[in-house]
Amino acid sequence: MSKITAAITAVGGYVPDYVLSNEILETMVDTNDEWITARTGIKERRILKDKEKGTSFLAIQAAKDLLKKNNTDPKEIDMIVMATATPDMPVAVTGSYVATQIGAENAFSYDLMAACSSFLFGMSVAAKYIESGRYKKVLLIGADKMSSIIDYKDRTTCIIFGDGAGAALFEPNYEGLGVQDELLRTDGSGRESLKIDAGGSLLPASEKTVENNQHVVFQDGKTVFKFAVTRMADVSEKILERNQLTGDDIQWLVPHQANNRIIDATSNRMKLAEEKVMKNIHKYGNTTSATLPLCLWDYEKKLKKGDKLVFAAFGGGFTWGSMYLTWAYDSK
Ligand code: UT7
């Protein structure tokens with residue numbers, strides 16, 4: 001029997017309707033469209049306005065989109081990996097709720113949190129379950145309601161993040177297509193540079209933490225930028241090298257959408273032409289766990305069977321990495 005590889009066989013996505021533009025942000029904090037565009041490349045982001053709805057709502061919509069488009073029976077799904085940094089609530093697994101809501105009654109599920117690298121690390125997990133031969137359909141969802149943890153008075157963070165969700169179905173492939181290689185890294189020295197101070201086991205929620213505004217994202221942008229810009233490029237270059245590939249051999253870079261300048265640094269290091277780089281940061285901002293699958297969702301129609309894709313991400317922790325994958329289908 002030929003070796004089993006783990007291929008992506010369908011994608012889905014969802015972004016909420018409400019558009020938070022740079023112009024609207026100008027009325028909320030001391031910022032301007034020119035600064036945001038030049039420093040990040042972001043023009044607008046989507047926000048889930050309904051306070052009654054959490055990340056699971058976004059994830060459910062993305063999963064349903066995938067199931068419908070691909071005509072997949074949810075009962076056939078073996079497992080759901082829910083990549084998110086903003087679970088509906090602590091302890092109760094968001095993925096379990098999502099599985100039940102979409103009718104994946106034969107699946108088990110858990111949440112996977114690696115900040116902005118959650119989906120990339122989730123791809124590694126999903127691939128391993130498939131490659132083992134034990135499971136046939138693994139649904140990986142990346143979803144974040146970033147607006148639930150952002151301080152809309154802090155101009156250094158509120159201009160960056162948005163809400164969204166994307167999903168990818170992993171199935172066995174016997175032609176050698178799918179995940180080929182990965183290079184995943186972490187460095188705990190970065191934990192103070194991108195974090196939420198309170199609400200975890202180190203500093204549980206209290207009146208004081210609320211008073212001190214410690215339940216929102218803090219980012220030392222400069223430090224994160226310096227790490228991200230070099231680390232994402234390093235692993236992407238390395239994964240090419242060790243697979244004897246050059247930029248000419250690659251059809252697409254699927255980069256985490258945190259900052260246009262970080263994306264450009266990565267693609268430049270890989271010597272990739274601009275038109276080979278997936279970008280939707282201008283319309284969604286940084287959706288954390290959803291950036292990679294939302295890129296696939298937006299570009300799916302352009303992808304062809306056999307295309308060589310390199311994924312790259314960087315996130316809090318720090319976490320980062322790169323993955324080399326060959327695409328398994330022509331647009332349906
Ligand atoms: O996805 C997870 C990983 N995260 C990232 O990869 C994000 C990495 N970091 C970044 O993308 C960038 O650091 C930012 C976009 C967050 C910031 O860009 P920067 O070029 O590093 O700006 P900066 O923080 O050095 O700030 C430059 C100036 C400062 O003013 P002074 O001190 O030079 O007078 C800031 O106060 O820009 C000011 N500033 C702003 N001005 C207008 C900061 N935020 C804003 C703003 N509007 N929103």
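Hydrogens, waters and symmetry mates are skipped; everything else that's a heavy atom, side chains included, is used. One-based numbering, in listed order, for ligands and for the atoms of each. No experiment lies behind these values; they were computed from the predicted model shown.
Side-chain atoms of Gln251 do not come within 3.5 Å of backbone N or O of Leu303 as any donor-acceptor pair. The closest donor-acceptor contact from the side chain of Glu192 to the backbone of Gly190 lies at 3.5 Å or more, if one exists at all.
In this structure, atom 20 (O) of ligand 1 is in close contact with the protein, since a protein heavy atom lies within 4.0 Å of it. Within 4.0 Å of atom 30 (O) of ligand 1, not a single protein heavy atom is present. Checking atom 11 (O) of ligand 1 against the protein gives a heavy-atom contact under 4.0 Å. There is a protein heavy atom closer than 4.0 angstrom to atom 41 (N) of ligand 1. The nearest protein heavy atom to atom 44 (N) of ligand 1 is closer than 4.0 Å.
Looking only at heavy atoms of the protein, atom 3 (C) of ligand 1 is closest to Val224 CG1, 3.6 Å. Taking atom 24 (O) of ligand 1 as the reference point, the nearest protein heavy-atom neighbour is Lys222 CG, 4.6 Å. The protein non-hydrogen atom at the shortest distance from atom 22 (O) of ligand 1 is Arg39 NH1, 3.4 Å. In this structure, the protein non-hydrogen atom closest to atom 6 (O) of ligand 1 is Ile262 CD1, 3.3 Å. The nearest heavy-atom contact from the protein to atom 2 (C) of ligand 1 is Cys116 SG, 3.2 Å. Scanning the protein for heavy atoms near atom 18 (O) of ligand 1, the closest one is Arg261 NH2, 3.6 Å. From the protein, the heavy atom lying nearest to atom 4 (N) of ligand 1 is Gln219 OE1, 3.1 Å. Given atom 39 (N) of ligand 1, the protein heavy atom at minimum distance is Trp35 CZ2, 3.4 Å.
Atoms of ligand 1 lying under 4.0 Å from at least one heavy atom of Phe314, given by number and element, are 1 (O), 2 (C), 3 (C). Interface of Ala258 with ligand 1, defined as ligand atoms under 4.0 Å from a residue heavy atom, comprises 1 (O), 5 (C), 6 (O).
The hydrophobic cluster containing Trp252 does not contain Ile262, counting ILVMFWY residues as joined when their side-chain heavy atoms lie under 4.5 angstrom apart, directly or transitively.
Using a 4.0 Å cut-off between a side-chain N of Lys or Arg and a carboxylate O of Asp or Glu, Asp197 and Lys195 qualify as a salt bridge.
At a heavy-atom distance under 4.0 Å, no atom of Val29 approaches ligand 1. With a 4.0 Å heavy-atom cut-off, ligand 1 is reached by the side chain of Asn286 but not by its N, CA, C or O.
Using modelled atom types and a 3.5 Å distance limit, the side chains of Thr84 and Asp144 yield a donor-acceptor pair. Looking at Asp163 and Ser147, their side chains do bring a donor and an acceptor atom within 3.5 Å of each other. Neither side chain, Thr230 nor Asp234, offers a donor N or O lying under 3.5 Å from an acceptor on the other. With 3.5 Å as the limit, one finds no donor-acceptor pair spanning the side chains of Lys43 and Ser21. Side-chain atoms of Asp65 and Trp297 form a donor-acceptor pair, as typed in the model, at a separation below 3.5 Å.
Taking 4.5 Å as the limit, every side-chain heavy atom of Asp264 sits out of range of all side-chain heavy atoms of Glu274. Side chains of Val216 and Thr157 form no contact here, defined as non-hydrogen atoms less than 4.5 Å apart.
In this structure, Ile160 is part of the shell of residues with a heavy atom less than 4.0 angstrom from ligand 1.
Remark: Met89 CE is loosely packed, at most 12 non-hydrogen atoms of other residues, nucleotides or ligands lying under 6.0 Å away.
Contacts of Lys226 classified as salt bridge (charged side-chain N to carboxylate O under 4.0 Å, His left out), with partners at least two apart in sequence or in another chain: none.
Remark: ligand 1 and Arg155 share an N or O pair separated by less than 3.5 Å (distance only, no angle test). Considering backbone and side-chain atoms together, Asn259 places an N or O closer than 3.5 Å to an N or O of ligand 1. Checked by distance only, ligand 1 and Thr40 stay at 3.5 Å or farther apart across all their nitrogen or oxygen atoms. In terms of polar-atom proximity, Gly221 is counted as a contact of ligand 1, with an N or O under 3.5 Å from an N or O of the ligand.
Among Val217, Leu25, Thr31, Thr319, the residue whose heavy atom lies closest to atom 46 (C) of ligand 1 is Thr31.
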List the atom pairs, donor and acceptor, that lie under 3.5 Å between side-chain atoms in residues 306-315 and the rest of the protein, sequence neighbours left out.
{"from": "Asp307", "atom 1": "OD2", "to": "Lys304", "atom 2": "N", "distance (Å)": "2.9"}

